[in-house]
Amino acid sequence: MNDAAATSPEPLSSEHAQKIRDRLDAVAGQAAEAAERSGRTADDVRIMLATKTQPVEKIRVAIEHGFTLIGENRVQELTGKADGLADLEHETHLIGPLQRNKVNHTLRVDSCTCIESVDNLPLAEKLHNRLEVLDRSIDILVQVNTSREDSKFGTAPEAAAELIESLACFDRLRIRGLMTIGLPGESDEVIRPSYADLRQLRDRLIDDGTLPADATELSMGMSADFALAIEEGATIVRIGSSVFGARPPAGSPA
Ligand SMILES: *Cc1c(COP(=O)(O)O)cnc(C)c1O
C-alpha cells in the first residue's frame, strides 16, 4: 500500500515542479486541439488529474498551476491527502470502485463533489441514505463498461438504462452523465469505438428521457488516448502518467 505517497513531505525540486507544469501545458494544448477537431473549444473539456499513488507535493504544483480537478481511485488516498490539499481551492472526483462500507469516509471529504464510479443499485442506495442524514446532495456519473471485456467494474451498456431508471428515486444523487475506462494497451481502433459507444449511449438515454437533459458529462480518456476520447466527445479526460511520470509500483516507497 502506498500510504507513504499520501503523507510523506518529500520536498519537490524546482526542476521537477517545472517539469510537471510543462507537461500540464502540453496536455492542455493537445486537449484544445482535439476539442477543436470535435467542433468544440478547450472550455468544453475539463482535464482531470488522476493522482493515484502521487504525493500531495506534486498534486499541489498542479493545482497551483490552475488544474483544480483531481481524480482519486481509492478512498484511502482521497481521505489521506485531503488535509494536505485543504488550503487550495480544488474539486475531487472519486474515479475508482467504491465499496458501501467506505461511503461514510468518502462523504466526509469536503472537496469530493462527484462519484464517477456508480455502477450498482446497493451503492447508490447507501450513498443516498447517508446523504439524507447529512442533508446534502452529490453529483454522480454512471460507470459503463463499454469495452465489454471482463472488467468487473461498470454496468453493461445494455443494463445502463434500467440502472439509471432505478436511480431516479434517489433524489440526493444528481446524475451528471456517464463514465468509462478504456482498456490499457488497446489500439486506437479498439478504443475509439468504445468511446463512441459511450457518447451514443448518452445521446440515446437523453433522447428517450432516461437521463436528464443536462446529464451530458462523458468522462473518458487517459494519457495514452485522451485526444481520441475528446474527438469522440469526452467532457472530462483523466490524465495521470503523462503529467506525473510513471507511477511507482504498489508497495514500493514513494
Ligand atoms: C490511473 C487512471 C487514469 C489515468 O491513467 P494514465 O494512463 O496514467 O493517464 C484514468 N482513469 C482511471 C480510472 C485511472 O485509474
Side-chain angles (χ1 to χ4, degrees), residues 1-2 5-6 19-20 22-31 34 45-56 58-59 61-63 67 69-78 80-81 91-99 102 106 112-120 123 139-147 149-155 176-188 190-192 194-195 198 217-252 254:
M1 220 1 265
N2 277 292
K19 198 167 176 186
I20 290 173
D22 290 345
R23 286 167 165 177
L24 285 166
D25 292 341
V27 166
Q30 290 163 33
V45 181
R46 282 190 290 167
I47 295 169
M48 164 190 284
L49 300 177
T51 51
K52 59 176 172 274
T53 78
Q54 302 297 348
V56 290
K58 290 193 193 178
I59 304 171
V61 170
I63 295 176
F67 291 75
L69 182 58
I70 305 298
E72 282 292 352
N73 286 69
R74 290 163 163 269
V75 174
Q76 211 170 346
E77 285 195 60
L78 176 76
K81 296 175 197 174
E91 252 183 83
T92 311
H93 292 189
L94 186 70
I95 59 175
L98 176 55
Q99 283 153 6
K102 299 275 174 62
T106 303
C112 182
T113 57
C114 181
I115 313 291
E116 295 202 2
S117 48
V118 174
D119 65 357
N120 69 85
L123 169 63
D139 290 348
I140 64 163
L141 302 183
V142 171
Q143 184 176 348
V144 182
N145 181 7
T146 51
S147 47
E149 293 297 316
D150 37 55
S151 159
K152 298 183 295 234
F153 303 114
T155 179
R176 296 304 193 197
L178 307 178
M179 180 269 226
T180 198
I181 299 178
L183 288 175
E186 287 293 350
S187 66
D188 289 3
V190 176
I191 285 288
R192 187 183 286 276
S194 80
Y195 290 159
L198 196 72
E217 298 281 6
L218 291 177
S219 174
M220 57 189 195
M222 315 192 266
S223 289
D225 57 25
F226 71 89
L228 185 158
I230 292 170
E231 288 169 12
E232 294 300 335
T235 64
I236 300 173
V237 289
R238 308 179 304 262
I239 310 294
S241 50
S242 67
V243 167
F244 297 114
R247 281 178 287 276
S252 71

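Counting convention: from 1, in listed order, for ligands and their atoms alike. FYI, side chains are in, hydrogens and waters are out, and symmetry mates aren't considered; it's all heavy atoms of this structure.
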Neighbouring residues of ligand 1, heavy-atom cut-off under 4.0 Å: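 Ligand 1 is contacted, at a heavy-atom distance under 4.0 Å, by Ala50, Lys52, Asn73, Ile95, Ile181, Met222, Ser223, Arg238, Ile239, Gly240, Ser241, Arg247.
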Pair Gln143-Ser117, side-chain donor/acceptor within less than 3.5 Å: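 Judged by distance alone, the side chains do not pair up.
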Passing option when His93 is tested against Leu69, Ile140, Ile70, Leu141 for side chain to side chain contact (heavy atoms under 4.5 Å, CB included):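 The option that passes is Leu69.
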Identified side chain to side chain contact (heavy atoms under 4.5 Å, CB included) counterpart of Leu98 within the set Val118, Leu78, Asn120, Ile115: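 Of Val118, Leu78, Asn120, Ile115, side chain to side chain contact (heavy atoms under 4.5 Å, CB included) with Leu98 is met by Ile115 alone.
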Test salt bridge (charged side-chain N to carboxylate O under 4.0 Å, His left out) applied to Glu72 - qualifying residues, sequence neighbours left out: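 Residues passing salt bridge (charged side-chain N to carboxylate O under 4.0 Å, His left out) with Glu72: Lys81.
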Qualifying residues under salt bridge (charged side-chain N to carboxylate O under 4.0 Å, His left out), relative to Arg176, sequence neighbours excluded: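 With sequence neighbours excluded, Arg176 shows a salt bridge (charged side-chain N to carboxylate O under 4.0 Å, His left out) to Asp139, Asp214, given in chain and number order.
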Gln30: side-chain contact (heavy atoms from CB on, under 4.5 Å) partners, not counting sequence neighbours: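 By the side-chain contact (heavy atoms from CB on, under 4.5 Å) rule, Gln30 matches Ala26, Phe226.
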